[in-house]
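Quick note: residue numbers are just sequence positions, from 1. Order of listing sets the numbers, starting from 1, for every ligand and every atom in it. No hydrogens, no waters, no symmetry mates; every other heavy atom, side chains included, goes into these values.
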Amino acid sequence: MTETLPSLDDVRQSIDRLDGEIQTLISERARCAQQVAHIKLRESPETTVFYRPEREAQVLQKVMARNAGPLHPETMARLFREIMSACLALEHTLNIAFLGPNGTFTQTAAVKHFGHGVNTSPLATIDEVFREVAAGSADYGVVPVENSTEGMVSHTLDSFLNSNLRIIGEVELRIHHHLLVGEGTKTESISRIYSHQQSLAQCRQWLDANFPRAERVAVSSNAEAARRVNGEWHSAAIAGETAAEIYGLKQLHQRIEDNPNNTTRFLIIGREAVSASGTDKTSIIITAKNQPGALFTILEPFHRRGINLTRIESRPSKHDIWTYAFFIDFEGHQDDAAVQEVMAELEPRMREVKWLGSYPKAVL
Ligand SMILES: C=C(O[C@@H]1C=C(C(=O)O)C=C[C@H]1O)C(=O)O
């Protein structure tokens, strides 16, 4: 075998030549993106929307479908994610507001969705993320909406009840929690553990088994937990890798989440509607009276037309006692005939039907 291999120098020469070709092609692609920007500006100078989620989803889907190895399709798509992010930044640099502080999983989700070519601004609360996007100070916002172990983030759902913002995308992130400590902290000196309440819940069994006597303190975010541990030698935090890096903490125990498939879903919120990508989801809120058969009346038209529901949650409506808001996600786009028929059937029978938006299903 060995004698048929080319020399190291030869292979490195091939790599240099290929890198040159790739670079020329990336530059050519970037110039195309600049042209696209001029076309968009000419077509709608007042209300130019540079970021097109449906087009980006299609580009990434094509990359994955085309992929012939040896790189994994997702690895290839992540490379293209960054190329697109850099191309879009030539058109316009997006400002993305996220639930901060720096180092939260929400920030990781924002970068996973938009790539590194955007500015990310940490905000203290979910409400503030909604406000900044509504006011136009941020182009888009990223907020957590549900976790596979702990369920919905009720604050995000409630924010939609009082907002006209739309959902323009979704991101899923595998969540790994680590036990973080400052330099010099020993396992036996830990008497207090900080984290977000959801993360404490996601690691409950591990904590019961390993730190049954430590006080568990819920704080506003995992990153905030990491920040507090700085300088407290008897404390630890449960947070992710990014928070460990930002706050200079050591990972005393890794991957302590009870469920190894622990995943959180985040939503991207914006002001404009998104065209169909071909693989879309739609989210709506239906407010119904608490009367027998209400839920059946809502679900039956979807079933009759073979529309697949991907999620349903109920929350007390803020307006009337014993009235419920159902948050429903289903496959398909607002412009699909079948979806419009279901809506036309439901609208007169419900107290309120609110469209939250149609958006491409998460590709990565
Ligand atoms: C180039 C475009 O603008 C942006 C950049 C894209 C890209 O680099 O492929 C895709 C969609 C837009 O977010 C476009 O709309 O085609």
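If you number the atoms of ligand 1 from 1 as listed, the ones under 4.0 Å from a heavy atom of Y51 come out as 13 (O). Ligand-side atoms of ligand 1 in range of F50: 3 (O), 4 (C), 12 (C), 13 (O), range being under 4.0 angstrom from any heavy atom. The M84 neighbourhood of ligand 1 comprises atoms 7 (C), 8 (O), 9 (O), with distances under 4.0 Å to a heavy atom of that residue. Of all atoms in ligand 1, listed by their number and element, those nearer than 4.0 Å to a heavy atom of C87 are 8 (O).
Residue E91 holds the heavy atom nearest to atom 2 (C) of ligand 1 of all those in E91, R52, R55. The residue from E56, Q58, R29 that puts a heavy atom closest to atom 9 (O) of ligand 1 is R29.
For F160 and F130, the ring centers are positioned less than 6.0 Å apart. Between W206 and H253, a ring centre-to-centre spacing shorter than 6.0 Å is recorded.
Taking H333 as the reference, nothing meets the ring-ring contact (aromatic ring centres under 6.0 Å, His included) condition, with sequence neighbours excluded. Under the ring-ring contact (aromatic ring centres under 6.0 Å, His included) criterion, Y324 pairs with no residue at all, not counting sequence neighbours.
The nearest heavy-atom contact from the protein to atom 15 (O) of ligand 1 is K40 NZ, 2.8 Å.
Heavy-atom minimum distance, L123 versus A97: CD1-CB, 3.7 Å.
At least one donor-acceptor pair closer than 3.5 Å links the side chain of T104 to the backbone N or O of L99.
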